[in-house]
**Student:** 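First the structure, which I've put down as structure tokens, then a few questions once you've had a look.
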Amino acid sequence: TLSRILLQREFEIRISKPFKFRRRTMKIFCICAFLLFGVVSSSEQPKRTNILLLGASGNLAEKYLWQGFYNIHSTGVNTGEEIFIYPAATKPFEKGNPILQRILSNNITTSDEKHKAAFLAKNVAPYTQLRSDEQYKELGEKIKRDTEASGARESGMLVYMSVPPKVFGSISKNINEFIRPANPEAWLRVIVEKPFGVNLESANELAEVLYENLDIDEILLVDHYMGKQGLDAIRQLRKANPSFDEEYLHKGQVRSVEVAMLETEDVKGRTGFYDEVGVIRDTMQNHLMMMVALLGMDLGEAGVDEASARKKVFEKMAEAGSSDILHIAQYEDYNNHVNEDRAKWDEPLLEEPSKTPSYASISLKVENDKWAGVPFIFRSGKALDSRRAYTKVTFINGDQLLFNLQGTTDGVPGCAIHCTFKACADELKLPKEWNLVDGSSNPFYAVGPSIPNAYEVLLRSALEGNVDNFVRLPEVIESWRVWSPLLSVLPEVDLASYKHGEDLIGEDVCES
């Protein structure tokens, strides 16, 4: 600080001239005490994390992010920082700010309105339009001024990019040049929303753009399923039971693994997005691959972070092809819904029926020492008989270990771990804060604690440095390597048809 520098300068001048030893000793003592006091003060200096929310007035921010940030502010982060949010979007202030104020007023719910008002007044900066380099520069300078004026030390900068992939390049350039923390000890984490490419080629192109301005460890890709308790349960149960994991979760004991995400809703009103994506890009290449990775990864390899362990699972998966399809279909009203949406949007109607699948069941294999030969069956679709998501391990004797994420699967509702295998009842230890239903372990049936929304879980993870809950670029690239060959031949594959609300899982046949 300026006062410390001035006192140090005075000390240097005085000791260069002859003066009484007692006075010099006293002066040295005072300065040493001052410097020591400064060190203590520095260690007790408050900390802050600055957050740049890009897309602050968009749908995702409205539904999940603002409430998540408020809840985190209310309960605090375990690393001790106070959060300060800088909302921004591309709209000019006169258009963007009214939208933001409506969201802040209506979409942050609380029982303590005074606390909310204090949060908005102190911890949320005014809306900023960000389109040009100059606007990013001005915001970066403002964040620096605000941080210095607060007297707090910046621990890090979190940027949430809730923006289209086409602007990744320009935004990451401006983050690097103007938003990156000046303090070399402060971290930078940039959250990137999916979709991350539509195939291997486009994903590689986007990765190259981001790598020009950001380090690999600074890029956190969002798969909101990684914030769900039922998915984390796979990781936690395996870590809590390394002996069980080693003895039973492998090709010698397991007949098959099923990962699924099934929905009752159709895509009417969303066909502009869905018809370009389809079921494989929508859920299989991302959500279901994370289920496979968390079950299939090696927990015991020293010096290997989780993202690298997940990537190694994908590396052992062969490219998917048409021969891996068990069942692929489109619900009966799909093309009618596409044309209804196109008419509503004044777009030309389909000349030929769409070839986009709304349901698929696909069997792939992880050809490593642990899982070689075991079919991993991916199932996902729209307009089905039930809404549920799960990972299911079927043992050779027919018993099952179920990680249920949502809905009711095999009579097990909600987020739960259910196992009929006798070894589960005999040997499994509960993950932290999980409890047995009815106090019984036979069959093993456990439920987890109440946790926040998945996006709030991910926001907290990013702020506290728990990056295992995020996907990294190398594993996304490897996932696209698996799925892109199948996507390229899908237009040539005949689609079956199914009625809205039909149960398709019983029709699937797996030939391992």
Side-chain angles (χ1 to χ4, degrees), residues 194-204 256-268 270-289 291-292 314 317-339 341-342 349-367 375-385 389 476-512:
K194 73 167 193 170
F196 197 83
V198 296
N199 53 29
L200 179 59
E201 181 182 4
S202 60
N204 272 318
S256 65
V257 175
E258 182 182 347
V259 291
M261 179 179 171
L262 313 172
E263 298 181 82
T264 56
E265 290 186 353
D266 55 38
V267 295
K268 184 177 181 180
R270 298 178 60 243
T271 62
F273 160 76
Y274 196 86
D275 201 47
E276 297 295 323
V277 176
V279 65
I280 292 175
R281 290 186 176 97
D282 190 36
T283 61
M284 291 186 170
Q285 181 274 331
N286 39 66
H287 305 324
L288 300 193
M289 284 292 270
M291 295 184 192
V292 169
F314 301 160
M317 298 175 72
E319 295 178 351
S322 57
S323 62
D324 299 310
I325 296 174
L326 305 177
H327 191 175
I328 193 159
Q330 184 186 87
Y331 69 83
E332 287 183 350
D333 290 331
Y334 182 87
N335 286 285
N336 291 334
H337 289 168
V338 172
N339 282 327
D341 286 346
R342 289 190 172 207
L349 303 184
L350 293 171
E351 296 181 1
E352 298 287 339
S354 169
K355 296 283 286 182
T356 299
S358 59
Y359 174 83
S361 177
I362 295 167
S363 180
L364 302 179
K365 289 178 178 153
V366 179
E367 297 296 346
F376 282 74
I377 305 164
F378 293 70
R379 289 192 172 104
S380 187
K382 302 283 189 180
L384 298 171
D385 65 312
V476 169
I477 299 298
E478 199 61 37
S479 178
W480 278 121
R481 178 198 61 78
V482 173
W483 290 101
S484 288
L486 175 56
L487 291 168
S488 67
V489 300
L490 269 188
E492 304 164 17
V493 176
D494 293 330
L495 300 179
S497 180
Y498 64 97
K499 296 182 182 298
H500 200 298
E502 190 171 344
D503 176 10
L504 297 182
I505 291 189
E507 302 176 19
D508 293 344
V509 177
C510 175
E511 298 179 359
S512 58

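Position 1 is the first residue of the sequence; numbering continues from there.
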**Student:** Test side chain to side chain contact (heavy atoms under 4.5 Å, CB included) on E265 and R270; report intermediate values, then the result.
**Tutor:** CA-CA 11 Å; E265 290 186 353; R270 298 178 60 243; over 6 Å; no
**Student:** CD1/I362 to CD1/I377 distance, rounded to the nearest 0.5 angstrom?
**Tutor:**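 The CD1 atom of I377 is 11.5 Å from CD1 of I362, to the nearest 0.5 Å.
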**Student:** Looking only at heavy atoms, which two atoms of A260 and L288 are closest? And how far apart?
**Tutor:**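 Between these two residues, the closest heavy atoms are C-CD2, 3.8 Å.
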**Student:** Determine whether a donor-acceptor pair (N or O, by modelled atom type, separation under 3.5 Å) exists between the side chain of K194 and the backbone of D282.
**Tutor:**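 Indeed, once roles are kept as given, a pair shorter than 3.5 Å links the two residues.
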**Student:** Which of these, P353, S497, S358, P357, sits in a side chain to side chain contact (heavy atoms under 4.5 Å, CB included) with Q330?
**Tutor:**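 Single pass found, and it is S358.
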**Student:** Can you list the steps and then say if L490 with I280 is a side chain to side chain contact (heavy atoms under 4.5 Å, CB included)?
**Tutor:** CA-CA 10 Å; L490 269 188; I280 292 175; 3.8 Å; yes
**Student:** Working to the nearest 0.5 Å, report the span between OG1 of T271 and CG of N339.
**Tutor:**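 Here the interatomic distance stands at 8.5 Å.
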**Student:** Is there a donor-acceptor pair closer than 3.5 Å between any side-chain N or O of K355 and the backbone N or O of L495?
**Tutor:**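 Such a contact is absent between K355 side chain and L495 backbone.
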**Student:** Testing the basics here: between V198 and L487, what is the closest heavy-atom pair and its distance to 0.1 Å?
**Tutor:**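 Here V198 and L487 meet closest at O-CD1, 4.0 Å.
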**Student:** Working to the nearest 0.5 Å, report the span between CG of N335 and CG of L349.
**Tutor:**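 Between atom CG of N335 and atom CG of L349 there are 11.0 Å.
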**Student:** Should W480 and N204 count as side-chain neighbours, where that means a heavy-atom distance under 4.5 Å?
**Tutor:**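 W480 vs N204: side chains apart.
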**Student:** What are the two closest heavy atoms between I505 and E258, and how far apart are they?
**Tutor:**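 Nearest heavy atoms, I505 then E258: CD1-OE2, 4.2 Å.
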**Student:** Does E332 form a side chain to side chain contact (heavy atoms under 4.5 Å, CB included) with E502? I'd like the steps, not just the answer.
**Tutor:** CA-CA 11 Å; E332 287 183 350; E502 190 171 344; over 6 Å; no
**Student:** Taking the side chain as every heavy atom from C-beta outward, state whether N286 and W483 have any pair of such atoms under 4.5 Å apart.
**Tutor:**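 The answer is no; the side chains never approach within 4.5 Å.
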**Student:** Do I477 and L200 touch side chain to side chain, with heavy atoms closer than 4.5 Å?
**Tutor:**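 Result yes, sub-4.5 Å side-chain heavy-atom pair found.
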**Student:** Tell me if a side-chain donor or acceptor on D266 pairs with a main-chain N or O of Y334 at a distance below 3.5 Å.
**Tutor:**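 No.
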**Student:** Compare every heavy atom of Y331 with every heavy atom of K382, then report the nearest pair and how far apart it is.
**Tutor:**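 So the two residues come closest at O-CD2, 4.5 Å.
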**Student:** Would you say V476 and Q285 make side-chain contact, with heavy atoms under 4.5 Å?
**Tutor:**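 A side-chain contact exists here, since the closest heavy-atom pair is under 4.5 Å.
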**Student:** If you round to the nearest 0.5 Å, how far is OH of Y498 from CG of L384?
**Tutor:**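 Between atom CG of L384 and atom OH of Y498 there are 5.0 Å.
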**Student:** Can you see which heavy atom on M284 is nearest to which on S361, and at what distance?
**Tutor:**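 Reported closest heavy-atom pair: CE-N, 4.4 Å.
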**Student:** With sequence neighbours left out, which residue pairs that include part of residues 480-498 fulfil the salt bridge (charged side-chain N to carboxylate O under 4.0 Å, His left out) condition?
**Tutor:**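 Counting only pairs at least two positions apart or across chains, the salt bridge (charged side-chain N to carboxylate O under 4.0 Å, His left out) contacts touching residues 480-498 are E478-R481.
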**Student:** Report yes or no: does Y274 contribute a side-chain atom to a donor-acceptor pair with the main-chain N or O of T356 at less than 3.5 Å?
**Tutor:**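 Between the backbone of T356 and the side chain of Y274 there is no qualifying donor-acceptor contact (under 3.5 Å).
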**Student:** Within a reach of under 6.0 Å around CD of E276, are more than 12 heavy atoms found that belong to other residues, nucleotides or ligands?
**Tutor:**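 At most 12 heavy atoms, drawn from other residues, nucleotides or ligands, come within 6.0 Å of this atom.
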**Student:** Give me the atom names and distance for the closest heavy-atom approach of P485 to A320.
**Tutor:**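 Closest heavy-atom pair between P485 and A320: CB-O, 3.5 Å.
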**Student:** Can a donor-acceptor pair be found, under 3.5 Å and without considering hydrogens, that links the side chain of S380 to the backbone of M261?
**Tutor:**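 Side chain of S380 to backbone of M261, a donor-acceptor pair under 3.5 Å: yes, one is there.
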**Student:** Determine whether D324 and L486 satisfy the following criterion, side chain to side chain contact (heavy atoms under 4.5 Å, CB included), listing intermediate values before the conclusion.
**Tutor:** CA-CA 9 Å; D324 299 310; L486 175 56; 5.9 Å; no
**Student:** Considering only heavy atoms from C-beta outward, does the side chain of M317 approach that of F376 to under 4.5 Å?
**Tutor:**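 With C-beta onward as the side chain, the pair stays apart.
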